[in-house]
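Right, one structure below, let's go through it.
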Amino acid sequence: MDKKSKSSKIMKCVVSICCMAIIAMLSMEEPFAATVNDEVSTLSAGAPISFVRADVDSNTYTYITSNTMTQSKTYAEVKITHILDANGSASDYRYVWVKATPNGTAKKVEVGDFWTKISIPSANQFAGMNIAMYAKGNNPSLDCKISGSWLVY
């Protein structure tokens, strides 16, 4: 076999492998694109505020973050991506209690849920209001740290 023929076969093999890799990437990209588009449509009305390793007391509600409303809405949304123990190490903690404003109604929010709606008290449901997020741990003896996003419209 001459050099030209061998080089041609190697080139065809490389092209075939590259084509298969591109096809595989495109077939995997569709579900990811759908997830991103779902998230973008949820977020299009406002910008989420991220919080990282925010301390959460297990006995009382702790201030986490806040954002100002640009629309009149009855709810904010929260996504908890990680719950660590009080020392910042991995934990088996699955949820915390979250409320909007100190007078809000608490709701159980599990780590990994997409976006959870948190009711905003009627006195605060107006554009221009600053809506604070408060969280409390689920076990009175276990403080923790949470990461995630708070979305106020």
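Sequential numbering from 1 along the given sequence is applied to the chain's residues.
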Verdict with supporting geometry, D85 and L142, side-chain contact (heavy atoms from CB on, under 4.5 Å): CA-CA 8 Å; D85 69 15; L142 299 174; over 6 Å; no
Considering all heavy atoms of both residues, which atom of [X] and which atom of [Y] are nearest to each other, and what is their separation?
| X | Y | answer |
| --- | --- | --- |
| E77 | K117 | CG-CG, 4.1 Å |
| S66 | A132 | CB-CA, 3.6 Å |
| G104 | P121 | CA-CG, 3.7 Å |
| F126 | S72 | CA-OG, 3.8 Å |
| K136 | T60 | CG-O, 3.7 Å |
| A100 | S119 | CB-O, 3.6 Å |

Return the [atom1] to [atom2] distance between [X] and [Y], rounded to the nearest 0.5 Å.
| X | Y | atom1 | atom2 | answer |
| --- | --- | --- | --- | --- |
| T116 | I80 | OG1 | CD1 | 8.0 Å |
| R94 | E110 | CZ | CD | 7.0 Å |
| T101 | I131 | OG1 | CD1 | 6.5 Å |
| C144 | N139 | SG | CG | 10.0 Å |
| Y153 | T74 | OH | OG1 | 10.5 Å |
| H82 | F51 | NE2 | CZ | 11.5 Å |

Taking the side chain as everything from C-beta on, heavy atoms only, tell me whether [X] gets closer than 4.5 Å to [Y].
| X | Y | answer |
| --- | --- | --- |
| V96 | I83 | yes |
| I49 | M133 | no |
| S58 | Y93 | no |
| Y134 | P102 | yes |
| I64 | V56 | yes |

Going through the checks in order, is the side-chain contact (heavy atoms from CB on, under 4.5 Å) test met by T81 and S147? CA-CA 6 Å; T81 56; S147 298; 3.8 Å; yes
Say whether T62 and D57, considering side chains only, have a donor N or O and an acceptor N or O under 3.5 Å apart.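 Not at all, the side chains of T62 and D57 share no donor-acceptor pair under 3.5 Å.
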Begin from the C-alpha positions of K107 and W97 and carry the test side-chain contact (heavy atoms from CB on, under 4.5 Å) through to its verdict. CA-CA 5 Å; K107 186 166 186 179; W97 293 92; 5.5 Å; no
Shared hydrophobic cluster for V98 and M69 (ILVMFWY, side-chain gaps under 4.5 Å):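 V98 clusters together with M69.
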Using atom types as modelled and distance alone, determine if a side-chain donor or acceptor of W150 lies under 3.5 Å from a backbone N or O of A76.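 Side chain of W150 to backbone of A76: no pair is present.
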Before you tell me yes or no, could you show the steps for I118 and V109 under side-chain contact (heavy atoms from CB on, under 4.5 Å), namely the whole-Å CA-CA distance, both residues' side-chain angles and the distance that decides it to 0.1 Å? CA-CA 9 Å; I118 306 296; V109 179; 4.0 Å; yes
